[in-house]
Amino acid sequence: MHQPHGTDFETRLDQLRREAREKGRVGDAGTHAAGGPMPNPSSSNNAFGYFGLPFLKPPVWEWMIPVYFFIGGIAGMSGLVAVGALIKNEFDLARVAMWSAAIGAIISIILLTADLGRPMRFIYMLRVFKYQSPMSLGSWILSAFSTFAVPGLVFTEWQIHSSIPIVHALAIIGIIGSAVFGVFLATYTGALIGVTTIPAWNAHRAILPFHFGMAGLGAAVAIPILLGFPEPALSSIFFFAAGAETLVQIYLTFRRHGAVDAALHHGKPGWVMRIGETFSGPLPLILAGLNVWFPAAIIFLLGALLARFGWLAAGRTSACDPESLLASERGAQPAAESKVPYVINPSIASFGSMNKSQR
Amino acid sequence: MIGEGIHSSNQRRHTYVEDEVPVGFFTDPTLCIGCKACEVACKEWNHVPADNIGWTGHSYDNTTTLGASTWRHVMFLEQPKQRGHQIAGTLNNGDHDPSRWLFLSDVCKHCETAGCLESCPTGAIVRTETEAVFVQNEVCNGCGYCVVSCPFGVIDRRDAKLPDKGGAFKCTFCYDRQASGLTPACAKVCPTESIRFGPLADMREEAANRVRQLQRDGYDDAQLYDPVDTSVKGIHALFLLLGKPEDYKLPPHPEVPTLYLKAAYGSMIATAIAAAAFALCAFAFM
Ligand code: SF4
Ligand code: SF4
């Protein structure tokens, strides 16, 4: 092929124009794309897509959100514990559970508000109700939960010193309402991150609400266990939750989705996940089995919190990884094929190195 | 089209907003010269603040991505490849391999079913008369859920250091200009009419014709990017592509996350019931 230089360049351009005018089409190669050097190719050997840049936006959420997932889970499931305690006439346990529920509700609202880009507008969350948006549904669930949990606590404390029947009734309504909305408060957070475009999250949309709910349940009973309540129901719920979390960990470990959820298993997020899941699953299960409840409860709480951070970190990594998105797509090519979108001449790749120092 | 002068739908005044005509962009990389006038015009008209001024080393693309303060983004693609009879240059490196240098101006897709709109809990994101997707800045509280719900990674929350911080921003389809009969700033300014603006139906037709014409001329990998067969159900910013969508940072099969609602809500309800049943039974019978 002819490679024009200098005045040849203009001559070649004239040829091209003539050919185009006469035939309406130019068959042969043209000239340099520009007089200057060609920069780094966008499709280089080791980069997916466009310079390997992210196809998706990573979540903008900060530490408040994983902490909210954790606290909201405890608060929500505490409502359930309070109802259970009522069934057994254990008023002290019901009181402790309602304290967890009410304080958790308030902290949850503070955390959610603090993470907003415009915190003064938290109330705008209640402008509309959209079932198709887990964020909207969740805001309503949290609001409803708080409406029951906070007065519920007030009436629960009041009825100890009062014999007015309406106070007892209101306390019971508060406790039952907290349980009804609480179980959804602890589980919707899984749907919140499952119903997104981030591959590592939406690949697990069906397991996430279960995972988060069970972590919340275990954490909610861990608190009265730490406070030394000898209730056997608490320990059986703890076994149930830790067992369920162990199954989730086994599932996540063995049912991998390749590049799609690689972020859950590799690098820093992978380690946070692994430690968090172990601490909120098998480890407390064993410790509780050995009847050492205090460390079991502490480790469960720690693990549940860590795992929430792990999920957020993995979501960030997954969103920024084009390989993760392309692998998650319908009819996706196996990674080996999509890795080299265009065959690159090595000399071009090395030519692009002029910009490497600026990366 | 070029040659139509002031009669081009890019230049003449219109009443699409009044008449509620669905409108669209059609962006054609075979016409783009990479001048970035669209990026500049967009920033100027919409008072979008400057962000991230620096060198990336990614070709001549120092914008890298759409975001809260970048609503048009010109991509630079060097593809060492000649397809069919197309005119290709050669790289200035002593080799004689054919190569092509492509530019494409990316923008919010204004999806038919928009992930951002579906997910917004405040109702800040609405659909306009021309079926564009519009974020009402006065309503958005910056929850950031739209950011993880856009299948194209377009919308983002604006950084704390910039004006109007904390809100989510993206292309407005120049709703203000459209409402007064003007063309969006990017299409108006595009010197080669690589960005075309007009009624969506016309744009679809024009795009299909252009693809046919290019294929006839030997660009045998020319295709239209308009994901109508996915849950997005089509877009209002059509793109002509030479090569694969993923080379342009476009997902081949974008899906709206509401697709995952059923499984997630199903699991949520089942878990809630299971947890309640187990816990209450434990208290009742232990
Ligand atoms: S491309 Fe993203 S930001 Fe634009 S309308 Fe679609 S979902 Fe919304
Ligand atoms: S950040 Fe604003 S526009 Fe985006 S979902 Fe939240 S309220 Fe809606």
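Within every chain, numbering begins at 1; the chains are lettered A, B, ... in the order of the sequence lines, protein sequences first and strands thereafter.
Aromatic ring pairs are classed by plane angle as parallel below 30°, tilted from 30° to 60° and perpendicular above 60°; the pair A:Phe51 and B:His58 is parallel.
Residues B:Ala264 and A:Ala191 come closest through the heavy atom pair CB-CB, 3.8 Å. The heavy-atom pair separating A:Val183 from B:Ala276 by the smallest distance is CG1-CB, 4.5 Å. Listed here is the closest heavy atom pair of B:Pro251 and A:Glu329: CB-OE2, 3.2 Å. Closest approach of A:Leu217 to B:Ala275, counting heavy atoms only: CD2-CB, 4.3 Å. The heavy-atom pair separating A:Thr197 from B:Glu255 by the smallest distance is CG2-O, 4.0 Å. The two residues B:Thr64 and A:Leu53 have their closest heavy-atom pair at O-CD1, 3.7 Å.
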Exercise. Show the numbers, then the answer: is there a side chain to side chain contact (heavy atoms under 4.5 Å, CB included) between A:Leu137 and B:Met268?
Key: CA-CA 12 Å; A:Leu137 182 78; B:Met268 175 179 95; 3.9 Å; yes
Review point. Does the pair B:Ser267 and A:Arg205 meet the rule for a side chain to side chain contact (heavy atoms under 4.5 Å, CB included), with working shown?
Key: CA-CA 8 Å; B:Ser267 163; A:Arg205 56 191 177 265; over 6 Å; no
Item checked: Intermediate values then yes/no, side chain to side chain contact (heavy atoms under 4.5 Å, CB included), B:Ser119 and A:Met135 -> CA-CA 7 Å; B:Ser119 72; A:Met135 182 68 96; over 6 Å; no
Query raised in the report: Can B:Val148 and A:Lys57 be said to form a side chain to side chain contact (heavy atoms under 4.5 Å, CB included), step by step?
Result: CA-CA 6 Å; B:Val148 288; A:Lys57 288 271 178 295; over 6 Å; no
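Only the side chain of A:Met77 comes within less than 4.5 Å of a heavy atom of chain B; its backbone N, CA, C and O stay farther away. Using a 4.5 Å cut-off between heavy atoms, B:Lys165 contacts chain A through its backbone alone, with no side-chain atom that close. Residue B:Asp106: no heavy atom, backbone or side chain, is found under 4.5 Å from chain A. Of the two parts of B:Val154, only the backbone, made up of N, CA, C and O, holds a non-hydrogen atom closer than 4.5 Å to a non-hydrogen atom of chain A. There is no contact between A:Ala319 and chain B, counting heavy-atom distances below 4.5 Å. Of the two parts of A:Glu90, neither the backbone nor the side chain holds a non-hydrogen atom closer than 4.5 Å to a non-hydrogen atom of chain B. For A:Leu185, no part lies near chain B; criterion is any non-hydrogen pair under 4.5 Å. In this structure, no portion of A:Pro322 lies under 4.5 Å from any heavy atom of chain B. Neither the backbone nor the side chain of B:Leu102 has a heavy atom closer than 4.5 Å to any heavy atom of chain A. Proximity to chain B (any heavy atom under 4.5 Å) is shown, for A:Pro134, by both the backbone and the side chain.
Side chains of B:Pro252 and A:Leu326 form a contact here, defined as non-hydrogen atoms less than 4.5 Å apart. Using a 4.5 Å cut-off on side-chain heavy atoms (C-beta onward), B:Asp156 and A:Val60 make contact. Side-chain contact between A:Thr196 and B:Tyr145: present, with at least one pair of heavy atoms (C-beta onward) separated by less than 4.5 Å. Counting heavy atoms from C-beta on, the side chains of A:Lys130 and B:Pro121 never come closer than 4.5 Å.
Contact tally against chain B (heavy-atom pairs below 4.5 Å) for A:Phe129, A:Trp140, A:Tyr131: the top residue is A:Tyr131. With chain B as partner, the option from A:Gly76, A:Gly216, A:Ala85, A:Pro58 having the largest number of non-hydrogen pairs under 4.5 angstrom is A:Ala85. The most heavy-atom pairs under 4.5 Å with chain A, out of B:Ala272, B:Ala263, B:Ala270, come from B:Ala272. Note: A:Leu192 leads A:Leu192, A:Ile207, A:Val81 in heavy-atom pairs under 4.5 Å with chain B. Counting heavy-atom pairs closer than 4.5 Å to chain B, the top-ranked of the candidates A:Tyr124, A:Tyr188, A:Phe184, A:Phe55 is A:Phe55. For the set A:Leu208, A:Val180, A:Asn202, A:Ile198, the count of heavy-atom pairs under 4.5 angstrom toward chain B peaks at A:Asn202. Contact tally against chain B (heavy-atom pairs below 4.5 Å) for A:Ile87, A:Ile123, A:Val195, A:Leu86: the top residue is A:Val195. By number of non-hydrogen pairs under 4.5 angstrom with chain A, the leading residue of B:Leu259, B:Ile269, B:Asp61 is B:Asp61.
In this structure, NE2 on B:His253 lies 11.5 Å from CG on A:Leu325, to the nearest 0.5 angstrom. Distance check: B:Tyr265 OH to A:Gln132 CD gives 8.0 Å after rounding to the nearest 0.5 Å. Taken to the nearest 0.5 Å, the SG atom of B:Cys120 stands 8.5 Å off from the CZ atom of A:Arg127. Here the CG atom belonging to A:Leu56 is positioned 8.0 Å from the SG atom belonging to B:Cys150, to the nearest 0.5 angstrom. Atom CG of residue B:Leu280 and atom CG of residue A:Leu80 lie 5.0 Å apart, to the nearest 0.5 angstrom. Note: A:Tyr50 OH to B:Ser59 OG = 6.5 Å, rounded to the nearest 0.5 Å.
Side-chain contact, A:Arg118 with B:Asn137: a donor N or O sits under 3.5 Å from an acceptor N or O.
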